Amino acid sequence: MQPLQYFQDEARRPDVINDAEFKSIPFITTNDFDSIDNANGTSSRAFLFLDADENLQIATPELFCKKLKCQEHDKIKVISIFGNTGDGKSHTMNQVFFDGDPVFRTSTEQSSCTIGVYAAMQREQGVLCLDTEGLLGTTAKSNKRMRMLLKILAISDIVVYRTRSERLHSDMYEFLGTASKAFCLHFTQALQAMGNGSTLGPAVIIFHETHYTKPLESSVEESAEDKLRNSFARLNYETNAFSSLRYVGIQTDAKKATNFQKITDALRLEIENTAVRSPRQPAVVFKAMKLLNQKFAGEIIEKAINPFPEQYFTCGAHCESCSRRCQRSMGHVSDGEPHFNTQPCNYQHQFENKLYLCKACYNNGKEIVVSIRAQSQTDTAWSGLAKYVWKGDVIECPYCGEIYRARQYWYGNKSPESSVVHVQVVHVWKGGNSGLRGNAHSAQMVLDSVNSLSEAFTNISGPWAKAISDLLADKVAPSYWRPNQEIILCHACKRNFEKTGMPKHHCRGCGEGFCHTCSQHKLPVPARGWLQPVRVCNDCHQQLQRKSDATPGSKPTNDEGDILVRKYGETIYNTISSVAAVAIDYPKEMIKDSARPSYWVPDAESPSCFICKSVFGSAEELELGQHASKQSTTKANGRDSRSGGGASGGGASGGGASGNGSSIAGDCRRHHCRRCGQAVCSDCSKRRMPVPDRGWLTDVRVCDSCACVPHASSNCSRSISSAISDAINGADAEDTTDLQSATSERRRSSQSSNCDYRNGNCNASDDAKAKTE
C-alpha cells in the first residue's frame, strides 16, 4: 500500500503533461470535416467548388472526378439551386437527393451557412448537385456574387429556383430574366467555342411554397407556366434562353413539414429527359466552368449602398450636354435659384454652351460676360447693318469697349477665343441659358430694326408715292387709256382697288383698268400698234381671237407715236426691275436666310398662317389663287352648276358676284413668331412681348397662341387667369363668356374671310413666290 503522501502528491499533478511548446488548436475546415466524416464511414459531405471571390477550389479535371468519387467516363447531369437566403435551398437538396442526410450544411443561425458554391454527387441518379449562395444576403460584393451565380446557371442542365413566400417576388423575375439575357449575349458564344453543341440554356423549375395563399393553378384557358411567361413579359424580361420553364407550387400548413414529393417527381422527369440536354462527362463540366471563370473574371466596381434616396428630393433637371443632374432641391426654380452642378460640363456644338469672358477683365479678377453680336450698343439700325456687312460681328465689353471685330483687318484676323476672350463651358439646362442663345439672334434683331424703320417710312410715304407714280404713268400713257385717277373699280369684276390693295392694269385693247385676274391673257393688238403679245382683258381676248385686226374699245388711236413713249417706258422699267431683283433682292434674301434662327419654320413648309390658315402672298397672287379655285369648282360641278344659273357665268360677271362677298383686303405677309417659330399673318401676331427662353430680351412679335400661355405677361394671360379666379371664387361667369365669345367670333371672321380662296393655296404658292418679311 502506498503512503498517504504519495496520493496527495498525485492529486496535485496536472492531468496532461506537455513538455513541448504550446500550440493553438486549428479550426477544422470543410475539407478536413469531410475527411473526418469519411474516416468515420458516414456519407460524404459537400465540398467547396467556388469561393466567394469566384476562385475554383479544384485544380484539374482528375481531381474533380476524384472529389466526386466517380470515373472519368461516367455521364452526369448538373442540377443547381438558386433562391434568396433563408429560403431552404440546402435543406431542399438534402431532402430531394439525399433522403434528408445533411450533405449540404444547414444552420439555424442568422448568418448564412453557404458562402460560394458547394458541390455533391448523387451517384444513383447520376446527378451533380450544386448548392449556391443565397440572393439578398448581406455582402459587400453583390455584383460579383451575381456574376458567379450566372456562370453556375450557364453550366447547369436543370435549374431549381426555390422560393418560400406567399406571393412571387420581383427579385425572382429579375434574376431569371437577367440570366436569360446573359446566356444569350455572352455564355452561348463562349460555350460553343469549347465544343458544346447545345445552344439552349438549362430547364428551369420554379419551386414555390406558400402557407396561407394558393399557389399558381393551371386552368383550361391558361396554364401556370403561361401565367409566369406573361408576368415576365409584363416586366420586360425574356426567358428565350431556357429550354423549358415549369412551375411547381405547394401549400404547406405552417405546423407541418414540407412535402417534397412534387418537386422530386418533376426533377426525375427532367433528369430522364435527354431530348435537349444529354448527360456529360465530369471533365466537360469542369472545363466549361473553368473556361467561363477565366473569360468573365474582370474587376467589378461595387457601388456602396446609399440609404438616402437622392432622387426623391433632388431636382430632376438634367444637363442636355453632359446629362448630369441638378444638385439643388426640388422647387428651387420657384425660389429664384437657377440649376446648379459642381461638376464640369462637356462642350457640344449643337448647344453652343460656351460662355465668353473678357480676357483683360478676367486677368484683373473680374468675370465680365461678353457675347458676339451683329451690332454695337451705340450704333443705330442702319449704321449697325452697314458695319455688320463690312466688318462682321462685334464683341463689346462694358469696361473695355469694343474688343473684337470679325473682319477688323483685310487678312490675319484671329478668332476671339485665341485673342480677346476667356472661354468657360457651362451646363445647358432645359429652359435656361437664354443669354447664350440670345447671341445667335443678334443679326435677326438688326434686320428687325431695319424692317421696322422701313415699314414706318413706307406707311408714311406710301400714299404720296403712289399718287406721284400714277401721275407719271398717266403722262406716258396712250391717249385711249383711262387715267389712273378715274379708275376706282375693276372694269370687269367691280372690285375696289383701294380696299383690296390690288394693283391696276390697263388693257392694251380697250384701255380700261382691270385687275390681274380679269386681264391675264396676252395677244398682239396690231390695230393699236402692239405687234408683240401684250396684256388684254377677257372681252378683248375673245374679240381678237375672232378677228385679229379688230380695234377693241370705243376710243381711237391717234398715231404710232401715241404708244411709242409707253413702249420705251415699259422696256426701261422692266430692265431696271430685273437689275434690282438681282442686285438688291437676292443679296437681301441671302442675309435674311443666314440671320434667321434655326427653330423658325422654313418658308417652303409654311404656305399659310399657322393659326387662321390664311394663304400668304400679295393681293394679286391671292386673287389669282382664288380665281383658279373657282374655275376648278365650276368644272367639277359641270351640268349641275349650269342648271342652277349664275354660277356658270363669264369671267367678269362671275368674278363680280363672288368677289363682293369675299374681297381680299391687301397683302397677307408672312411673319414668324419668336416663341414657337411658326409662320403667322399680321392679324394673328399683333402682340409684342419679350421671349427670354429663346433669347429675345426685348419686345418682339409673338403669335396669339403663344401670347396666351400662362407664364406669358400679356393681357390675354391676365384675362384668362382672372376668369379662372372668378370661377373658383364663385363670381359671375359673364365676363368669361364674353371673352370666349369674342375670341371665337374673331376666329370665325378670320376663317370666313379666307374660306373662298383657302382651297387654292396650292395654286397660289405654285404660281407665285410668297412674300417674306
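Just so it is clear, the model here is predicted, and its values are computed rather than measured.
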Nearest heavy atoms of H506 and N484, plus distance in Å:
CE1-OD1, 3.5 Å
Can you measure from CZ (R407) to CG (D393) and round to the nearest 0.5 angstrom?
7.5 Å
Is the backbone of C490 close enough, under 3.5 Å, to the side chain of R495 for a donor and an acceptor to pair up by distance?
no
Where do L531 and P524 come nearest, in terms of heavy atoms and distance?
O-CB, 3.6 Å
How many angstroms lie between atom CZ of F497 and atom CD1 of I488, to the nearest 0.5 angstrom?
9.5 Å
With side chain to side chain contact (heavy atoms under 4.5 Å, CB included) as the test, would you mind laying out the steps for R508 and L523 before giving the verdict?
CA-CA 9 Å; R508 272 55 172 174; L523 284 176; over 6 Å; no
Quick one: does any side-chain atom of R701 pair with a main-chain N or O of R674 as donor and acceptor, under 3.5 Å?
no
Can you find a heavy atom in the side chain of D683 that is under 4.5 Å from one in the side chain of C612?
no
Please find the pair of heavy atoms, one from C507 and one from V536, that lie closest to each other, and give the distance.
SG-CA, 3.6 Å
Enter the distance from S685:OG to D704:CG here, rounded to the nearest 0.5 Å.
7.5 Å
Carefully, step by step, assess I611 and Q678 under the rule side chain to side chain contact (heavy atoms under 4.5 Å, CB included).
CA-CA 9 Å; I611 296 178; Q678 295 290 343; over 6 Å; no
Which residues satisfy the side chain to side chain donor-acceptor pair (under 3.5 Å) test with Q545, sequence neighbours excluded?
H541
Under the side-chain contact (heavy atoms from CB on, under 4.5 Å) test, which residues partner P398, sequence neighbours left out?
I368
Reference residue S682; test side-chain hydrogen bond (donor to acceptor under 3.5 Å, both in side chains); the match among H671, R669, R670:
H671
Test R675 against M689 for side chain to side chain contact (heavy atoms under 4.5 Å, CB included), laying out the working first.
CA-CA 10 Å; R675 181 184 292 276; M689 58 186 296; 3.9 Å; yes
Main-chain N/O of Y480 paired with R482 side-chain donor or acceptor, under 3.5 Å:
no
Atom SG of C515 and atom CG of L489: how far apart are they, to the nearest 0.5 Å?
11.0 Å
What do you reckon, is OH of Y404 surrounded by more than 12 foreign heavy atoms closer than 6.0 Å?
yes
D603 vs H672 side-chain heavy atoms within contact, under 4.5 Å:
yes
For S321, is there any backbone N or O sitting under 3.5 Å from a side-chain donor or acceptor partner on Q348?
yes
Heavy atoms, side chains only, cut-off 4.5 Å: are D699 and P690 in contact?
yes
Under 4.5 Å between any side-chain heavy atoms of S705 and C676, yes or no?
no
Would you check if P607 and F616 make a side-chain contact, meaning some heavy-atom pair closer than 4.5 Å?
no
E486 CD: over 12 foreign heavy atoms closer than 6.0 Å:
yes
Tell me if the centroids of the rings in F514 and H491 come within less than 6.0 Å of each other.
yes
I need the E512 CD to K504 NZ distance, nearest 0.5 Å.
12.5 Å
Between V680 and C673 the two heavy atoms that sit nearest each other are CG2-N, 4.3 Å
Taken to the nearest 0.5 Å, the spacing of C510 SG from W481 CH2 works out to 11.0 Å
Who pairs with V369 by side-chain contact (heavy atoms from CB on, under 4.5 Å), at least two apart in sequence or on another chain?
L355, L357
So does D539 get a backbone contact from the side chain of Q542, meaning a donor-acceptor N/O pair under 3.5 Å?
no
State, to 0.1 Å, how close A550 and A527 come at their nearest heavy-atom pair, and which atoms those are.
O-CB, 3.4 Å
Give a yes or no on whether the backbone of C684 and the side-chain of R687 come within a donor-acceptor separation of less than 3.5 Å.
no
Minimal non-hydrogen separation, V525 against G509, with atom names
CG1-CA, 4.2 Å
